[in-house]
Structures are given as structure tokens and as C-alpha cells.
Amino acid sequence: ERDYALDRDCKTLSRHVLEQLHSFSPDAQDLSALMNRIGLAGKLIARRLSRAGLMEGVLGFTGDVNVQGESVKKMDIYANEVFISVFKQSGLVCRLASEEMEDPYYIPENCPVGRYTLLYDPIDGSSNVDININVGSIFSIRQQEGDDSDETARDLLQNGHKQIAAGYILYGPSTMLVYSIGRGVHAFTLDPSLGEFILSNENIQTPTHGPVYSVNEGNFWQWEEPLRDYIRYVHRHEGYTARYGGAMVGDFHRILFQGGVFLYPGTVKKPEGKLRLLYESAPMAFLIEQAGGRASTGTQDILDVVPDKLHARTPLVIGSTEDVTLVESFIQDRA
Ligand code: AHG
Ligand code: MN
Ligand code: MN
Ligand code: MN
């Protein structure tokens, strides 16, 4: 009888993308190759993380502050460079926009043939790196519109429906890559002995409700009152459990599979919140909607938000439909 394990091990990431696009669309080969390069970046970052404690120059801070005003980790920079190196040789991507770079990085030799832009958060959850708790990388792929000859990348300031593909890599007990090109959400697990991401979950659908609420309650007194009322509600009602890991990718991954809601609300002082739209909230919103869930600022669908600048931030409420809608009901009652 057929060796099931052999068939499974042949369901690699690049193969899966071609199947998704039925191999005929002109983008199929490009997107398959592009996703493969993302996988290579993930393997390089996973390898570095797995040895972080044993090598010089991996843990700790660089001493610099990035455009976000955050103290930069050495791993932030290494991972940022990995994506640039991987795509420099790819011929597919001619612009990279990252949390760690004020302006996009251009690869002129890839243009105009390379027509994709990669937007990414090279290490999500940097605060976890030095204590060996899971971190992630988040990516979003858009099509460059026009030639961006003045290198202002204004065409990136469009809503999240413009995304062609989105996903993340979760560096956990196993390294997983989760992606969607608009035909469902699929998860792959890295088999280090093969160096391949093998399909482990296809067409993931998030439950319409789940027990988890994921938020940093340390900010409770900085929130607007409706958010405090929502938290008081979940404190009073049976069936909720709090999980917050400090890396959105890990908290999101739990909710994708088990349901629930992740929130990063705005505060009175910073009503726009902390998370960046173009390479954190919008790719995650793309995924959760493909998985049957929702993503909102609290008053507007994340995918409808048009950023005014590359590093624009928005509040985020994301996860199971019922749970996101419940949070919105507290906010909109007061509106
Ligand atoms: P990053 O490490 O890419 O800057 O993102 C960290 C984000 C997100 O991953 C996480 O959920 C959130 O910041 C944690 O913020 P707080 O420590 O303020 O809760
Ligand atoms: Mn950061
Ligand atoms: Mn992040
Ligand atoms: Mn980051």
C-alpha cells in the first residue's frame, strides 16, 4: 500500500503554491518561487535562533533606536538582513519595506521585471528573543503599481485588500510557516532533516468563538472606558482564559487554531495603538479573514484602513467573528 509518509513529505511549500494557483496563472511560478524564498529566510532565522545562546553577537541590543522609537535587538537586524539577502538574488522582488528600515530598500537590478514588494516584520516579539520564548516573522506581498521612480513608495499607502499574499513564520518548538494567497490558510512545519516546509494543516478555519482573550492588561488604566468595560465583562463571565505571550505571532497562532480574540487597543495617549498596519495588522487580517475570522480597529475593518505613512499604526482586535464583534459592541455602544 502507498507509503503515506512519503506522499506527505512531498507536499512541500513551493508545490502547494503551484497547486493553489493550478500552475497555469502567470504568477504561479513567481509566487511559488517567492514563497520558497520566504521559506529560506525562515530557515536561516530559525537556525540562528536555535543557537542564540551559544554564539556571540546574537542576543541583546545593538544600542540603536529604530524608526519606531524601539531599542533594536541584534536579532532584529540579522533577520532584516536575511530577507534582503534572500531576495536580492531572487529577481522577483524589487522593493522591501520593513519595521526596521525607515524607508524601503530598493533592488534596482530586479526592476522592472521584479514586480513584487515584500513588506515584513523580521522579528515579531523581539522582547522574547533573549529569554528563548517564541518569536515570529510576518510578511505581506503587494504588487508594485507604477515605477515608483521617485522612490517614495506612495503606491504602498493603499488598503489591505491590495495584498496578494500574507503569512508568518512561527519560531516555536517547531518552526511553522502559515500563508495564504487568497485561497484559504495553510500551515507548514519545517522538517529540519529535509530542510523542507511540509504541509501540516490545509484550509484552516478559526472557530466562530473561542475561550482565549489575549491582551496586555498592564495597560488597563490607559485604555478608553469601553475597552475596560469589555475586560470587566470577560472577568465576570465563565469560559474565558487569558493568554498573552508578548509576540503577536504566537498569540495569533493559538487563536487561529483554537479561537478567541487578540487585542492591542489604543490608549488615551496613543489612540492609534502600537501595532503597525502594513506589516503586522494587515497581513494578519488577510489571514484571519481567509480563515473565517475578523480583524477590526474597533470601528473599521483592518483591511479597509488606508495608511497615511509607511509605519502607520492602528488599534487591533482580531480573531473569532463572535469575539471581535463582542469587543466592537462595547466600543460602538459608546460611539
Ligand atoms: P515587535 O517585536 O515586532 O516590535 O512587535 C511586538 C509587538 C507584538 O508582537 C506584541 O504582541 C506586542 O508588541 C507586545 O507589546 P507589549 O509588550 O506592549 O504588550
Ligand atoms: Mn519592534
Ligand atoms: Mn511585530
Ligand atoms: Mn519586529
How about Gln163 and Ser140: does a side-chain donor come under 3.5 Å of a side-chain acceptor?
yes
Does this structure show an ion pair linking Asp251 with Arg243, if we count only N-O contacts that are shorter than 4.0 Å?
no
Got a sec, which residues hit ring pair (Phe, Tyr, Trp, His ring centres under 6.0 Å) with Phe61, two or more places apart in sequence or on another chain?
none
Donor-acceptor pair, Ser32 side chain versus Ala28 backbone, under 3.5 Å?
no
What is the minimum heavy-atom distance between Pro283 and Leu278, and which atoms define it?
CD-O, 3.6 Å
Shortest non-hydrogen contact from Ala187 to Val178?
CB-CG2, 3.9 Å
I need the Cys94 SG to Asp147 CG distance, nearest 0.5 Å.
10.0 Å
To the nearest 0.5 Å, atom CG of Leu287 lies from atom CD1 of Ile204 at 9.0 Å
Side chain of Arg313, backbone of Lys274: donor and acceptor closer than 3.5 Å?
yes
So does Asn80 get a backbone contact from the side chain of Tyr120, meaning a donor-acceptor N/O pair under 3.5 Å?
yes
Closest approach of Ala79 to Ile45 (non-hydrogen atoms, all atoms of both residues)
CB-CD1, 3.7 Å
Determine the minimum heavy-atom distance between Thr206 and Ile255, stating which atoms define it.
OG1-O, 2.9 Å
Would the Phe188 and His16 ring centres measure less than 6.0 Å apart?
yes
Side-chain ion pair, Arg51 and Glu56, N-O less than 4.0 Å
no
Do Tyr264 and Asn216 get their side chains close enough for a donor-acceptor pair, meaning under 3.5 Å?
no
Taking 4.0 angstrom as the limit, do Arg8 and Asp191 come out as a salt bridge?
no
Measure centre to centre between the rings of His311 and Tyr279, then say whether the value is under 6.0 Å.
yes
Nearest 0.5 Å, please: how far is CD in Glu272 from CG in Leu316?
13.5 Å
Before you tell me yes or no, could you show the steps for Leu118 and Arg95 under side-chain contact (heavy atoms from CB on, under 4.5 Å), namely the whole-Å CA-CA distance, both residues' side-chain angles and the distance that decides it to 0.1 Å?
CA-CA 6 Å; Leu118 176 76; Arg95 225 173 18 174; over 6 Å; no
Output, in order, the C-alpha distance, side-chain angles, deciding distance and verdict of salt bridge (Lys or Arg N to Asp or Glu O under 4.0 Å) for Lys73 and Asp76.
CA-CA 5 Å; Lys73 288 285 184 68; Asp76 284 323; over 6 Å; no
What distance do Ser329 atom OG and Glu322 atom CD have between them, rounded to the nearest 0.5 Å?
12.0 Å
What closest approach, in Å, do Ala247 and Gly125 show between heavy atoms, and which atom pair accounts for it?
CB-CA, 3.7 Å
Any carboxylate oxygen within less than 4.0 angstrom of a Lys/Arg side-chain nitrogen, looking at Glu225 and Arg232?
yes
Less than 4.0 angstrom from a charged side-chain N to a carboxylate O is my criterion; do Glu328 and Arg294 meet it?
yes
Can you see which heavy atom on Asp9 is nearest to which on Thr12, and at what distance?
O-CG2, 4.0 Å
Side chain of Ser180, backbone of Gly184: donor and acceptor closer than 3.5 Å?
yes
Establish, yes or no, whether a centroid distance under 6.0 Å links the rings of Phe252 and Tyr168.
yes
Ring centres under 6.0 Å, that's the criterion: do His235 and Tyr240 meet it?
no
Begin with the C-alpha distance, continue with both residues' side-chain angles, and end with the deciding distance and a verdict on side chain to side chain donor-acceptor pair (under 3.5 Å) for Ser137 and Tyr171.
CA-CA 8 Å; Ser137 300; Tyr171 310 102; 2.7 Å; yes
Determine, step by step, whether Trp223 and Val215 satisfy the side-chain contact (heavy atoms from CB on, under 4.5 Å) criterion, reporting the C-alpha distance in whole Å, the side-chain angles of both residues, the deciding distance to 0.1 Å, and the verdict.
CA-CA 12 Å; Trp223 295 333; Val215 66; 3.5 Å; yes
Go through it in stages, so that I can follow the logic: the residues are Glu145 and Lys162, the test is salt bridge (Lys or Arg N to Asp or Glu O under 4.0 Å), and I'd like the CA-CA distance, side-chain angles, deciding distance and then a yes or no.
CA-CA 10 Å; Glu145 292 183 8; Lys162 286 284 184 177; 2.8 Å; yes
Any chance CD of Gln205 has more than 12 other-residue heavy atoms, nucleotides or ligands included, within less than 6.0 Å?
yes
Under a 3.5 Å distance rule, please check whether Asn159 uses its side chain to pair with a backbone N or O of Val305 as donor and acceptor.
no
With a 4.0 Å cut-off, would you call Arg115 and Asp30 a salt bridge?
yes
Could you please spell out the steps behind the salt bridge (Lys or Arg N to Asp or Glu O under 4.0 Å) verdict for Lys11 and Glu19?
CA-CA 10 Å; Lys11 277 273 184 201; Glu19 277 171 9; 3.0 Å; yes
Taking NZ, NE, NH1 and NH2 as the nitrogens, is one of them in Glu109 or Lys88 under 4.0 Å from a carboxylate oxygen of the other?
no
Tell me if the CG atom of Asp64 is crowded by more than 12 foreign heavy atoms within 6.0 Å.
yes
Could you walk me through whether Ile169 and Met176 pass the side-chain contact (heavy atoms from CB on, under 4.5 Å) check?
CA-CA 6 Å; Ile169 299 149; Met176 289 187 78; over 6 Å; no
Hey, is the main chain of Phe87 close enough, under 3.5 Å, to the side chain of Ser90 for a donor-acceptor pair?
yes
Output field: ring centroids Tyr230/Phe330 closer than 6.0 Å:
yes
Go through the side-chain N and O atoms of Glu70 and Asn66 and say whether any donor and acceptor fall under 3.5 Å apart.
yes
Treating His186 as the side-chain partner and Arg183 as the backbone partner, does any N or O pair qualify as donor plus acceptor under 3.5 Å?
yes
CA sep, side-chain torsions, deciding dist, call: Asn134, Val249, side-chain contact (heavy atoms from CB on, under 4.5 Å)
CA-CA 9 Å; Asn134 72 272; Val249 169; 5.6 Å; no
Can you measure from CE (Met35) to CD (Gln20) and round to the nearest 0.5 angstrom?
10.5 Å
Leu199 backbone acceptor or donor facing Glu202 side chain under 3.5 Å:
no
Judged by atom type as modelled, is there a donor-acceptor pair below 3.5 Å linking the side chain of Thr267 to the main-chain atoms of Lys270?
yes
Does a salt bridge link Arg276 with Asp121, judged by any charged N lying under 4.0 Å from a carboxylate O?
no
